[in-house]
Amino acid sequence: MSLVDPFGMTDKLDDTLLQVIITRLEARGQHPFFMKMLQGYLDAMNIDGTKTVLDIGCGTGVAARAVARRPGFVGQVTGIDLSPALAEAGARLAAKEGLGDRITFRTGDTRRLNFADRTFDAVVAHTLLSHVDDPLAVVKEAARVVKPGGVIGIFDGDYASLTFGHADPDQGKAYDEALIKAVITSPRVMRQMPRLLHAASLELIACFPYILAEIGQADFWLSGIESFRRLIPKAGVMTDEEANTWAESLRQDSEEGIFFGASNYFSYVARRS
Ligand SMILES: C[S@@+](CC[C@H](N)C(=O)[O-])C[C@H]1O[C@@H](n2cnc3c(N)ncnc32)[C@H](O)[C@@H]1O
């Protein structure tokens, strides 16, 4: 387990790193495949039939805004994030999109939510669980604050499968392992999810597996690589120079049409009985 994941300590990062994260979250959130994975589980949650939605670990509000802008959704969304700066960015972006009156952003820790039992019709956790050290506590908190009959959507990378091609496969493996250690706290959490849902007394009602692979040229992964280049040295697993060499070789691979980058992603939809 990593103790260095910057996404799990966003309340302690400086403005420069927070800006790197904001840029990455927004670039990733606009990517068509990422949007498709998000809309897929929102549909399966029948989110348009809900009136109150909580987005835990909301970051800049990618999922909160996606819910609020759905033509069939007429309810209210609350976004909670560890980082005051990310919650503020979320409020700014929502206001800019004319969604300011539909979404409320707050600072809080999803391991100990400051809401009464049975408050929300639905809870969404979009790429949060891989960044927390106690995912079961978060799932149990989601189960506590959702109403009986309410739904929980959990989406994340199966980041133990995150991999990039490299001219030297052994070096590539070492880079993959360093990257995962640097930016992910719980890389195997999506493999644990059926057990965690069961332990939180939630009923699994749907699961969608995806592979986000780019082969030849990179697009989605390029913005990730640019942000990881800045985040990895802060985690202490590579020097600035090593991280730049890693990122440059992947950018070069993409330019030459020989890029390989992939990770599995999963979404789970569960119901509280
Ligand atoms: C990878 S980002 C995802 C942000 C957003 N859901 C998205 O998909 O764009 C993970 C987010 O979880 C937040 N986070 C991590 N640990 C948290 C915790 N214990 N409580 C609340 N938020 C947390 C981070 O601040 C960060 O914004």
Side-chain angles (χ1 to χ4, degrees), residues 1-15 17-31 33-42 53-68 77-94 103 105-115 123-142 145 152-159 162 179-180 182-187 189-190 210 212 220 223-224 227-228 230-231 235 263 265-267:
M1 183 165 66
S2 161
L3 296 174
V4 289
D5 175 1
F7 291 101
M9 43 183 274
T10 46
D11 53 338
K12 299 188 176 64
L13 300 180
D14 63 30
D15 288 349
L17 280 191
L18 283 166
Q19 197 50 55
V20 168
I21 287 177
I22 290 170
T23 303
R24 167 60 178 157
L25 293 180
E26 286 300 303
R28 188 181 76 161
Q30 283 161 26
H31 192 275
F33 195 78
F34 221 69
M35 218 24 125
K36 179 181 144 185
M37 295 191 285
L38 169 59
Q39 295 296 352
Y41 78 85
L42 294 179
V53 177
L54 176 66
D55 177 9
I56 52 176
C58 63
T60 55
V62 164
R65 278 180 280 138
V67 173
V77 186
T78 303
I80 285 285
D81 201 273
L82 199 55
S83 157
L86 292 178
E88 277 161 29
R92 262 199 318 277
L93 287 160
I103 315 175
F105 288 90
R106 290 207 210 169
T107 304
D109 190 326
T110 58
R111 292 165 292 194
R112 293 172 294 277
L113 285 170
N114 202 10
F115 294 107
V123 177
V124 167
H126 197 66
T127 72
L128 164 69
L129 285 190
S130 66
H131 300 292
V132 294
D133 54 8
D134 188 356
L136 180 58
V138 175
V139 175
K140 283 186 169 169
E141 275 297 84
V145 300
I152 300 178
I154 296 173
F155 167 82
D156 217 323
D158 173 45
Y159 290 119
L162 175 60
L179 171 64
I180 293 165
V183 294
I184 307 293
T185 301
S186 297
V189 68
M190 295 318 270
Y210 299 94
L212 205 167
F220 176 87
S223 80
S227 63
F228 298 152
R230 311 281 295 280
L231 296 172
S263 179
Y265 283 84
F266 291 89
S267 25

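In listed order, ligands and their atoms are each counted from 1. Every heavy atom of this structure was used, including side-chain atoms; hydrogens, water molecules and symmetry mates were not. Since the model is a prediction, treat every value here as computed from it, not as a measurement.
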Exercise answer, ligand 1 polar atom pairs (N/O) under 3.5 angstrom:
residue: ligand 1; atom: 6 (N); partner: Gly57; partner atom: O; Å: 2.8
residue: ligand 1; atom: 6 (N); partner: His126; partner atom: O; Å: 2.8
residue: ligand 1; atom: 8 (O); partner: Arg28; partner atom: NH2; Å: 3.1
residue: ligand 1; atom: 8 (O); partner: His126; partner atom: O; Å: 3.2
residue: ligand 1; atom: 8 (O); partner: Thr127; partner atom: OG1; Å: 3.2
residue: ligand 1; atom: 19 (N); partner: Asp109; partner atom: OD1; Å: 2.9
residue: ligand 1; atom: 20 (N); partner: Thr110; partner atom: N; Å: 2.9
residue: ligand 1; atom: 20 (N); partner: Thr110; partner atom: OG1; Å: 3.3
residue: ligand 1; atom: 22 (N); partner: Leu82; partner atom: N; Å: 3.1
residue: ligand 1; atom: 25 (O); partner: Thr10; partner atom: OG1; Å: 2.5
residue: ligand 1; atom: 25 (O); partner: Asp81; partner atom: OD1; Å: 2.6
residue: ligand 1; atom: 25 (O); partner: Asp81; partner atom: OD2; Å: 3.4
residue: ligand 1; atom: 27 (O); partner: Asp81; partner atom: OD1; Å: 3.4
residue: ligand 1; atom: 27 (O); partner: Asp81; partner atom: OD2; Å: 2.6

For this session: Assess whether ring pair (Phe, Tyr, Trp, His ring centres under 6.0 Å) is satisfied between Phe155 and Tyr210, documenting all intermediate values.
Result: CA-CA 11 Å; Phe155 167 82; Tyr210 299 94; 7.1 Å; no
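Looking at Ser227 and Arg28, their side chains never bring a donor and an acceptor atom within 3.5 Å of each other.
Of all the heavy atoms in Arg111 and Glu141, the pair that sits closest is O-CG, 3.3 Å.
For Arg230, the CZ atom sits in a loose shell: 12 or fewer heavy atoms of surrounding residues, nucleotides or ligands are nearer than 6.0 Å.
The side chain to side chain donor-acceptor pair (under 3.5 Å) check on Tyr265 picks up Tyr159, with sequence neighbours excluded.
Looking at Ser130, Ser267, Ser186 one by one, the single match for side-chain hydrogen bond (donor to acceptor under 3.5 Å, both in side chains) with Asp156 turns out to be Ser130.
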